[in-house]
Amino acid sequence: MNQGSIKRPPVFRASLIQLILLIAICCVFWPVDNVLSYSVFLGGSLVVLPNVYFAFYAFRFMGSRQASIALHSIYRGEMGKFTLTLVGFALVFLLVKPLHSAALFGAFIVATGIHWIVTAKMVTAKPK
């Protein structure tokens, strides 16, 4: 893993923050309705896990000398992320009964938004 002078974006840290928020929200919902809670957890996990996969592949190579390799890694990471998301949804709908589908999709949408916001704030933050 060669690294050029370009600093890697903090995408793993963003996923960790997202996972901590997801667990905290699920702990709040658990006493109210455990089906709702694990449905929210699964929906959020369908964002976090594929994003970690993408981050692993997309940011392995940095720098202008490795541009073609980096581009290939980004493509591979994005295709893997897309595949993991589709397979994850299929497995959840096939294997998890009972399931609160509105909570699953709601958590997926909210977790995607949180990921965008946290990543944007981290990337644009001024170094200390």
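Just so it is clear, the values below take in all heavy atoms, side chains as well, and ignore hydrogens, waters and symmetry mates. Here, residue 1 is the first one in the sequence, and each next residue gets the next number.
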From S101 OG over to L42 CG, what is the distance, rounded to the nearest 0.5 angstrom?
12.5 Å
Do L104 and L46 touch side chain to side chain, with heavy atoms closer than 4.5 Å?
yes
Within the 4.5 Å heavy-atom criterion, are L22 and V40 side-chain neighbours or not?
yes
For residues Y53 and R76, report the shortest heavy-atom separation together with the two atoms involved.
CE2-O, 4.1 Å
Assess the residue pair Q18 and V47 against the criterion (side chain to side chain contact (heavy atoms under 4.5 Å, CB included)); give the C-alpha distance rounded to whole Å, side-chain angles, the decisive distance to 0.1 Å, and a yes or no.
CA-CA 9 Å; Q18 191 177 13; V47 174; 3.4 Å; yes
Could you tell me the separation between the CZ atom of F54 and the OG atom of S15, rounded to the nearest 0.5 Å?
11.0 Å
Nearest heavy-atom neighbours spanning C26 and S37:
O-OG, 2.8 Å
Under 4.5 Å between any side-chain heavy atoms of T85 and F108, yes or no?
yes
What residues, two or more places apart in sequence or in another chain, satisfy side-chain contact (heavy atoms from CB on, under 4.5 Å) together with I117?
K121
Any pair with a residue in residues 20-42 that passes ring-ring contact (aromatic ring centres under 6.0 Å, His included), sequence neighbours left out, goes on the list, sorted by first then second residue, please.
none
Any L99 side-chain heavy atom under 4.5 Å of V92 side chain:
yes
Distance check, rounded to the nearest 0.5 Å: I23 atom CD1 versus L19 atom CG?
4.0 Å
Which pair of heavy atoms, one from H100 and one from S39, lies closest together, and at what distance?
N-OG, 3.0 Å
Taking only residues two or more places apart in sequence, or in another chain, which ones meet F105 in a ring-ring contact (aromatic ring centres under 6.0 Å, His included)?
F89, F93
Nearest heavy-atom neighbours spanning G44 and A111
CA-CB, 4.0 Å
Is there a continuous path of hydrophobic side-chain contacts, each under 4.5 Å between heavy atoms, that joins L84 to F82?
no
